[in-house]
2 protein chains.
Amino acid sequence: MPTLDPVPRSTLRAHVAERLRAAILAGDVAPGAPLVETTLSQRFDVSRGPLREALRQLIEEGLLVTVPYTGTHVASLSVEDVHEIYSLRTALEVFAFEQVWERRDDRFRRELAHRNVALLATIDAGDDRASIASELELHGLVYEASGHKLLQRAWHGLRGRLQLYWAAHHRAHGRRGPRRDSHDSYIAAALGDDLAAMRLEIADHMRRGVEVTERFLRSLPAAAGREFNGVTKGDMR
Amino acid sequence: MPTLDPVPRSTLRAHVAERLRAAILAGDVAPGAPLVETTLSQRFDVSRGPLREALRQLIEEGLLVTVPYTGTHVASLSVEDVHEIYSLRTALEVFAFEQVWERRDDRFRRELAHRNVALLATIDAGDDRASIASELELHGLVYEASGHKLLQRAWHGLRGRLQLYWAAHHRAHGRRGPRRDSHDSYIAAALGDDLAAMRLEIADHMRRGVEVTERFLRSLPAAAGREFNGVTKGDMR
DNA sequence: CGATCGTCGATTGTCAACAATCGACCGGAA
DNA sequence: TTCCGGTCGATTGTTGACAATCGACGATCG
């Protein structure tokens, strides 16, 4: 049954942005890697105009950084950035649950359970990339259910940076996907009736997320320092 | 004493974005008003390229909306949008104070007091525009003090929309600036030692902000409905 | 007279050439 | 050898022309 919603207007910049974003988040292009406009425009078979507009969008999303007349490269997150992502995400997700809490219905609960089993399936299949996507889908539910457009917008901004971080983590470290039991308490709290417990659970969940970063950093040679995303001075240029 | 920071690289798109944003937030161009690229590019004496990139940026900031091949106009906020702004702002400002709370020092307290007297001065001077700016400066302090870049980014996004709303409010209603005593309890709580009280104060402060909207809407003829920003069907096109 | 379809002006999307700027390289002088 | 200055290639910034698309107007047919 085809939907009869308005067909999305399509522009080159939108397609380019989508493709390029996917490439970055998939880790196909490393953090810190330079992006040359002429090269990219040839690769995508598009002129520099639409390409540049796509680049601006990804810059806004925090996936790229640019210096006028000098160049743009894939953003590389610092340790502080990762801490900021998780701390702000904690605040947003708590807020999202506060918005949704009294309006949770069967549809919400079923969807939550559904996304959880989907996550477990990708974990069991050993598919890292898919399990990361599934985890984001799971956490995304509460934002969708909130019906809060600005909140969703903020979440998308954070989600992009999170994916960038995970892609870099995966690239540099080889990542096992999330542990199989990592969301049990989260789901339980989200289905339960104790909002305060949910707040604590979110904070704890994020704390565990940050902990992975810390462990990862300690496992690196000390010289790697703060900018850990596989960037060495050599390949910045 | 001149600062020795790197001089900012300048591009046309940045200047255009700045000027256009200022014009919109000052209310010089009404919500819903169409923006024609060729007209604007002539007015600013730049070609359409940089202009378009500036437009894309303002779209990202939520100040403009666009439909491919059709046109772009100044965003007009709905009642729901205003509610979203204030509710999310509550969450963010609470989070900001949580981040700052234990690190408040004399410099923070002095700056807070300083911005408060600046606000009072603009109110006493009867300068609406300046008092709005002062109020934003006052609230902005905690975000700056947090040193949390992502949080500041989120605040900037909200602040732009807030200014857009206030500009529209001012345009349609004639706005008295904030009441002279509107921030007394806010300042007191921010200087005090009770974080829970600060949370309540922020929530209450925002509630009062939303209340102004509600009162404003009830004061309008019923026909004006949800899209209140001075937009009638006639001038959208 | 009303509805429908084609046409047309207006507007945005896209492109390829040109200008401005930057960082690196290289040569020379202290 | 080291530091300084100039030059040059590479890259982004900017421009004006061309193509695609849209909404409105008007003609035509029932």
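Throughout, a chain's letter reflects where its sequence line sits, starting with A, and its residues are numbered from 1.
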To the nearest angstrom, how far is A:Glu37 atom CD from D:dT12 atom P?
-> 5 Å
Can you measure from NZ (B:Lys149) to CD1 (A:Ile85) and round to the nearest 0.5 angstrom?
-> 10.5 Å
Grab the two heavy atoms, one from B:Val74 and one from B:Ile24, that are nearest each other, plus how far apart they are.
-> CG1-CG2, 4.0 Å
Does any N or O in the side chain of B:Arg161 come within less than 3.5 Å of the main-chain N or O of B:Glu61, such that one atom is a donor and the other an acceptor?
-> yes
Separation of atom CG in B:Leu64 from atom C1' in C:dT12, rounded to whole Å = 15 Å
In terms of ring plane angle, is the pair A:His139 and A:His205 parallel, tilted or perpendicular, where the classes change at 30° and 60°?
-> tilted
Would a distance-only check, ignoring hydrogens and angles, find a side-chain to backbone donor-acceptor pair under 3.5 Å from B:Arg48 to B:Ser41?
-> no
Give B:Arg52 one of three labels, base, sugar-phosphate or nothing, depending on what nucleic acid heavy atoms sit under 4.0 Å from its own.
-> base
Name the nucleic acid region contacted by B:Pro50, choosing base, sugar-phosphate or nothing; use a 4.0 angstrom heavy-atom cut-off, strictly under.
-> base
Please report the C-alpha distance between A:Arg207 and A:Tyr86 in whole Å, then the side-chain angles of each, then the deciding distance to 0.1 Å, and finally whether the side-chain contact (heavy atoms from CB on, under 4.5 Å) criterion is met.
-> CA-CA 8 Å; A:Arg207 218 178 340 264; A:Tyr86 276 102; over 6 Å; no
Atom CG of A:Leu51 to atom C1' of D:dT14: distance rounded to whole Å?
-> 16 Å
Under-3.5 Å N/O pairs linking protein and nucleotides 16-22 of chain C:
unit_1: C:dC22; atom_1: OP1; unit_2: B:Arg9; atom_2: NE; d: 3.4

Check every atom of D:dT15, C:dT12, D:dT12 against the side chain of B:Val36 and return the nucleotide holding the closest atom.
-> C:dT12
Give one of base, sugar-phosphate or nothing for B:Leu35, where a contact means two heavy atoms less than 4.0 Å apart.
-> sugar-phosphate
Atom-to-atom span, NE2 of B:His73 to C1' of D:dG23 - whole angstrom = 14 Å
Write down the distance between CD (A:Glu53) and P (C:dC15), rounded to a whole number of angstrom.
-> 11 Å
How long is the line joining CZ of A:Arg13 and P of C:dG13, in whole Å?
-> 5 Å
Salt bridge (Lys or Arg N to Asp or Glu O under 4.0 Å) contacts in which one or both residues fall within residues 7-20 of chain B, not counting sequence neighbours | B:Arg13-B:Glu53
Over how many whole Å does the gap from A:Gln42 atom CD to D:dA10 atom P extend?
-> 13 Å
